[in-house]
Structures are given as structure tokens and as C-alpha cells.
Amino acid sequence: MSTPTSPATCGSAAAASATVALVVIDVQNDYCHPDGVFAAAGLRVAGLDGLVERINALVAAARSGGRPVVWVRMEWPDDDSVGLLAERSPFLRERGLRRGTWGAEPVAGLDVRPGDHVVVKPRFSAFHRTSLDDLLARLAVDTLVMAGVRTDFCVESTVRDAFFRDLRVVVARDAVAGYVEELHAASLRLMGTVFAEVVGGGQAAGLLAGGPGPDPSHERSRTGAAGRSDAR
């Protein structure tokens, strides 16, 4: 895998056709696994095996289309690095998502391969104090297909920051997950107003494999006048 500080490999087929990249957010043991610290605090991802399967389908589509795959993970080197989040989520004060631990590793079963890109972040957004901006510029990426967890925190924060950078974003609604269904659904609706196109996994996979992008007029017709995306 590319390290967060290493130059991207721009001579590859992936770089040559890269206007679209798959970005997978925080599918890590502490966030998602039943033995992780979030589950111990009562925050559980339902249907994890299915989520992994749907994310892997997007990964396979990206590989078939020669698109870059970027794995983003939250990680802290020590307790002090957690910052204000340790106040808001006290169970993270002394454990969880620490560098070099099982909890910071990707969930088993994800199709992570050498040659994929890895971005390590200290806060919810994958753009905050990371190498993601530079990586996307080197790969000539202007459109992101987004998957991962948590829909209403890290995924939405990254989607908003991408929009602020004039990057187009497509969120695969069945390849993102949260802990609270109402917040997950509300986040999909909100992102679908102006920040992103929220589409089914098949349409996202088609884009990654080299097909046309989502049709905004079709999405608007499904969301209604208020621009609210179908969160199913």
C-alpha cells in the first residue's frame, strides 16, 4: 500500500484513467467489529458482513476500471492526540483507534491490496491534516465515489470538505453505514441536497468501472422539490 506520505504512483494504468477514485472511510475494527470499542460503548454497525461485501463490489469495479482505491482510517499515536473528542466520547480517552493496535486495522475481509492508497486522519474529515488533497491532485481525480462509516460523522464530514474543494462526490447509499438509523437516513438526505449525488451501489459501481456518471436530473426527480435523497 502507499503510505500516507509516499508519492502516488502516477505512471500506472490507474493514474492514467483516474478522474474517478473510490474512497473508503474508516471501516476499522474499533468502529465496526463487535469486539471494537464503539460496540462496547453501545454503537454497533448492523450487517457488517453485508457492508463489507458491498464495499468489495465497489473495489472490484474500481479495479476493473483502472480507478484508484483509497482507504482512509482514523488513527491516533497517543491519548493527547484525541483532542476534544475525548471529552465528547469519554470511552476514547485511553483506548480505541490507537496506532499499531488491532482496533485501528481494517476489518477482516476487505479487499485491501498492495498498490492501494492509504490516508491516515486524526479527525472526522479525510481532508483535515492529511495527504488526501495532494494525492488526489497527483492522480488527477475530480470525482470521488464514497463508501464507509460513519455516514453522519466521518463520511458526511469528508463529503462536505470535498464539495468545498469543488470535487464531485457520489455516495453509494448501500455501502455506507451508521450506528443510528435516523441519523444515517438524515445524513443521506442532507448530502443529497447539494453536497453529493446519493445513488445505489450498482450505479456507483458502473461509474467506477468506466460507465457514465449519475444523472442529476434523475436524482432530483427521486428526491423531490426539497432535494432530499431517498435514504433507503
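Excluded from the calculations below are hydrogen atoms, water molecules and symmetry mates; all remaining heavy atoms, backbone and side chain alike, are included. Residue numbers count from 1 along this sequence.
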Tell me if a side-chain donor or acceptor on R73 pairs with a main-chain N or O of V120 at a distance below 3.5 Å.
no
If you group Ile, Leu, Val, Met, Phe, Trp and Tyr by side-chain heavy-atom gaps below 4.5 Å, do W102 and V112 land in one group?
no
Taking side chain to side chain donor-acceptor pair (under 3.5 Å) as the test, write out the residues that go with R44, two or more places apart.
none
R98 backbone acceptor or donor facing T101 side chain under 3.5 Å
yes
4.5 Å side-chain heavy-atom contact, V171 and V176:
yes
Rounded to the nearest 0.5 Å, the CD atom of E182 sits from the CG atom of D152 at a distance of 10.5 Å
Is a side-chain donor or acceptor of D111 paired with a backbone partner of N56 at a separation under 3.5 angstrom?
no
Any sub-3.5 Å donor-acceptor pair from R99's side-chain atoms to W76's backbone N or O?
no
Considering all heavy atoms of both residues, which atom of V45 and which atom of C32 are nearest to each other, and what is their separation?
CG2-CA, 4.1 Å
Tell me whether S64 contacts the main-chain N or O of A61 through its side chain, where contact means a donor paired with an acceptor under 3.5 Å.
yes
Results of ring pair (Phe, Tyr, Trp, His ring centres under 6.0 Å) for Y179 - residues two or more places apart only
F38
Quiz item: cation-pi between R150 and F153, 6.0 Å / 45°
yes
Heavy-atom pair of closest approach, residues A177 and L51:
CB-CD2, 3.9 Å
With the side chain counted from C-beta on, respond yes when H117 and L135 share a heavy-atom pair under 4.5 Å apart, and no when they do not.
yes
Please find the pair of heavy atoms, one from A175 and one from I55, that lie closest to each other, and give the distance.
O-CG1, 3.9 Å
If we only count heavy atoms from C-beta on, is the F195 to L190 side-chain gap below 4.5 Å?
yes
Minimum side-chain heavy-atom gap V24-V27 below 4.5 Å
yes
Please evaluate residues K121 and V72 with respect to the criterion side chain to side chain contact (heavy atoms under 4.5 Å, CB included), reporting the C-alpha separation (whole Å), side-chain torsions for both, the decisive distance (0.1 Å), and the verdict.
CA-CA 7 Å; K121 63 185 177 69; V72 177; 3.6 Å; yes
With no hydrogens and no angle check, is any side-chain donor or acceptor of Q28 less than 3.5 Å from a backbone partner on A104?
yes
Without swapping roles, check the side chain of D30 against the backbone of V37 for a donor-acceptor pair under 3.5 Å.
yes
Test log, rule side chain to side chain contact (heavy atoms under 4.5 Å, CB included), inputs L136 and L144:
CA-CA 9 Å; L136 298 178; L144 308 179; 3.9 Å; yes
Is R63 salt-bridged to D116, cutoff N-O under 4.0 Å?
yes
Please report the shortest heavy-atom distance between V198 and L188, naming the atom on each side.
CG2-O, 3.6 Å
Checking T158 side chain against S125 main chain: does a donor-acceptor pair fall under 3.5 Å?
no
Within 6.0 angstrom of R123 CZ, more than 12 heavy atoms from elsewhere:
yes
Using a 4.5 Å cut-off on heavy atoms from C-beta on, say whether the side chain of R165 contacts that of D133.
yes
Verify the distance criterion only: is there a donor paired with an acceptor across the side chains of T19 and D142 at less than 3.5 Å?
no
Roughly how far, to the nearest 0.5 Å, is CG of D26 from CG of L97?
7.5 Å
Could you tell me if the side chain of C154 sits less than 4.5 Å from the side chain of Y31, heavy atoms only?
yes
Are the side chain of D174 and the backbone N or O of G201 linked by a donor-acceptor pair below 3.5 Å?
yes
Side-chain donor-acceptor pairs under 3.5 Å in residues 80-94, sequence neighbours left out?
| residue | atom | partner | partner atom | Å |
| --- | --- | --- | --- | --- |
| S81 | OG | D78 | OD1 | 2.7 |
| R93 | NE | A86 | O | 3.2 |

Do V20 and V145 pass the side chain to side chain contact (heavy atoms under 4.5 Å, CB included) test, and can you show the C-alpha distance, the side-chain angles, and the key distance before you say yes or no?
CA-CA 7 Å; V20 180; V145 174; 4.0 Å; yes
Could you walk me through whether L22 and V70 satisfy the side chain to side chain contact (heavy atoms under 4.5 Å, CB included) test, starting with their C-alpha distance in whole Å, then the side-chain angles of each, then the deciding distance to 0.1 Å, before giving a yes or no?
CA-CA 6 Å; L22 174 63; V70 183; over 6 Å; no
